[in-house]
Protein chains: 2
Amino acid sequence: MKDIARHAGVSQSAVSFALNGRPGVSEDTRDRVRQVAEELGWRPSTAARALSGEGAATVGFVLARPADTLGVDSFFLQLVSGIQEVLAERHLGLLFQVVEDVADECAVYRRWWAEHRVDGVLVVDPRTADPRPDLLDELGLPAVVIGGAPDERHPGLSTVWADDAGAMASVVDGLYSLGHRRIVHIAGLPGLAHTERRIRTLRAEAERRGLSGVRSVTTDYSDAEGAAVTRRVLESADPPTALIYDNDVMAVAGAAAATELGRSVPADVSVVSWEDSALCRMVKPWLSALSRDSVEFGRTAARELTALLDGGPARTVRVPVPRLIERGSTGAAREA
Amino acid sequence: MKDIARHAGVSQSAVSFALNGRPGVSEDTRDRVRQVAEELGWRPSTAARALSGEGAATVGFVLARPADTLGVDSFFLQLVSGIQEVLAERHLGLLFQVVEDVADECAVYRRWWAEHRVDGVLVVDPRTADPRPDLLDELGLPAVVIGGAPDERHPGLSTVWADDAGAMASVVDGLYSLGHRRIVHIAGLPGLAHTERRIRTLRAEAERRGLSGVRSVTTDYSDAEGAAVTRRVLESADPPTALIYDNDVMAVAGAAAATELGRSVPADVSVVSWEDSALCRMVKPWLSALSRDSVEFGRTAARELTALLDGGPARTVRVPVPRLIERGSTGAAREA
DNA sequence: CTTGAGAGCTGAACCGCATTAGTGCATGCT
DNA sequence: AGCATGCACTAATGCGGTTCAGCTCTCAAG
């Protein structure tokens, strides 16, 4: 900026005013300064900007997962891609970190905030007993929780969520009307907020209809557990006629396991995947799946965060309920 | 730091010396200062550090992919996870960005470097005619190219690579000894350095053995193209007896397509996937696959970058050749 | 007893920007 | 003519660190 000031024949502060669109300089001077800056290829140093109170121009994103669990999962890349789209418009950087568990994640938030590395964070995989909202509140770190339920205990946090409960209800509804009475839900990690929401809703739906052969089993989301649980429930005394899997990986593995056991999909057992991806179209029959727009989900979350950074109020935004794409893996229940 | 200085009864510079392990203070004072800093929960502001010449303590990672291509791909997440492991030890942040194409990627490097946002970058998906090494050279931005071939034209860049050529040769060797003479390689994106390396090696191997029914077909890595190409080559006049797919997604889609055409795997056609993941164990038969340790790959790349940041020389590191995991999808060629 | 060297510490400058409190000048108003 | 007003701009300060040139002691060597 000193160089620009010299070349343009003005003071450094005039340059600052000109380049930041603030009043205090004539349009003439502003244009001249802009042009000189352009010629010199000037870019503001984010460090200096941050030091003088402008914030870090960066938001943080932490993924708490053991390295080996990071498997075939299209959701996060898509989410991040959507987030980026919005952040890029405002030239905000995304600081990304993978850690082992939520405790480490909290430590990262503490450090980032203390070091002024980020202006806000995006939180994923909210849990039922989650230390993070409390921490973020305590720190005063602006944050958007992705996938959480509305949470009136933390008015400072924005939330972006999909209505799992509604989706689960509609899936059960669909299966019920196809004649299914015994349904097993192969759920994801216990403790995750959306896992528990789905489980609760399923139970409520079952009770409402007086169904006894309906239950949820939690897993670690892996193909191995998906297949194992599938085998177990299909070989049990009173096997289900429909299976709902909490992700695509388990659904595919589960469908394969069912086929191996000599059960035909969907004649013997219907399969629904709670996540749509290319995977669901790589097996025969193609899997019926709940489809949501993960990229748009990311965009929405990022928009909420930028709104928060602009000083806007925390909000709770609901993205559209995922809709069921009917493919070949769901059909009428076989007569008992 | 001013507070710490006051509490410890020393000057601010003494605090700086003490906390950064520099000489100039007694061990007594150092301990005292450290303790006060601890009590006050002090953390250095990265912005201030960066401003006074210490660098940004951040490395950049750009993924140039259209949003919709970010599908089922375990490689990148694993790579990033490995990178993180190494960076986290040194408290280096990872600035992550997804862009549409290489031109945008170059713009991001320019901006990051000009804004002093990063100290170095990790470059993936090198191409045959790639503008990035030239740009990085020109900028003087420390960088590690992941997956490129050794490149003596850019002595400033480090390279971490796997020997695709060797791996391809050994795969062809294995298939040849199983009696396969007609092999089709369903390759990835043309223009990617490793795609071209594999294609060249395959051709060389074929010529060496006087095989005429061997060729490569490039694709966009998608399941759709993988399946389409598979159908096309299998229905051609002189169909191959073995297929090599450049990623797991295409291999699975291709195997499914072959089965649909009534070809049995591996009796009629052998399938090899150039990427191992849970996907390969989700279909019957399980796919034989080239397995590499993507997490370790990431660690190695990150280590090279930190070495570069420490002022070390640029190096070219070769990670172990991926090894073929023989599963059920490869077998002896059917007699002609 | 003087001198020199080194250890331990301080004060001030600096990094690149934003911001605030002036400064000088032309203009309009009375 | 005298004065307030507003505009265009400058000088100075601060953000939170690092660094470098001293400065003061102490202690050993001469």
How close or far is atom C1' of D/dT19 from atom CE of B/M1, stated in whole angstroms?
11 Å

Is the backbone N or O of A/V124 less than 3.5 Å from a side-chain atom of A/R132, with the two atoms forming a donor-acceptor pair by type?
yes

Rounding to an integer number of Å, can you tell me how far A/R49 CZ sits from C/dC15 P?
19 Å

Which part of the nucleic acid, if any, lies within reach of B/Q12 when heavy atoms closer than 4.0 Å are counted: base, sugar-phosphate only, or nothing?
base

Which heavy atom of B/A143 sits nearest a heavy atom of B/L136, and at what distance?
CB-CD1, 3.7 Å

Test log, rule side-chain contact (heavy atoms from CB on, under 4.5 Å), inputs B/V317 and B/T159
CA-CA 6 Å; B/V317 179; B/T159 299; over 6 Å; no

One thing to verify: whether B/E138 and B/R110 come together as a salt bridge, which I'm taking to mean a side-chain N less than 4.0 angstrom from a carboxylate O.
yes

Check the distance between C/dA18's P and A/E54's CD and give it to me in whole angstrom.
7 Å

Remember a base hit wins even if backbone is also touched, and classify A/S13 as base, sugar-phosphate or nothing at under 4.0 Å, heavy atoms.
base

Which whole-number value in Å describes the distance from A/L19 CG to C/dT19 C1'?
15 Å

Applying a 4.0 Å non-hydrogen cut-off, can you work out what B/R30 is touching in the nucleic acid: base, sugar-phosphate, or nothing?
nothing

Which comes earlier along DNA chain D counting from the 5' end, the contact point of B/A48 or that of B/F17, where each point is its nearest nucleotide?
B/A48

Quick one: is B/R22 getting a side-chain N or O under 4.0 Å of the D/dT18 phosphate, OP1 or OP2?
no

What is the distance, rounded to the nearest whole Å, between atom CG of B/N20 and atom C1' of D/dT19?
11 Å

Rounded to whole angstroms, how far apart are CG on A/D3 and P on C/dC15?
12 Å

Quick check for you: among D/dC15, D/dT10, D/dT19, whose closest atom lies nearest to any side-chain atom of B/S16?
D/dT19

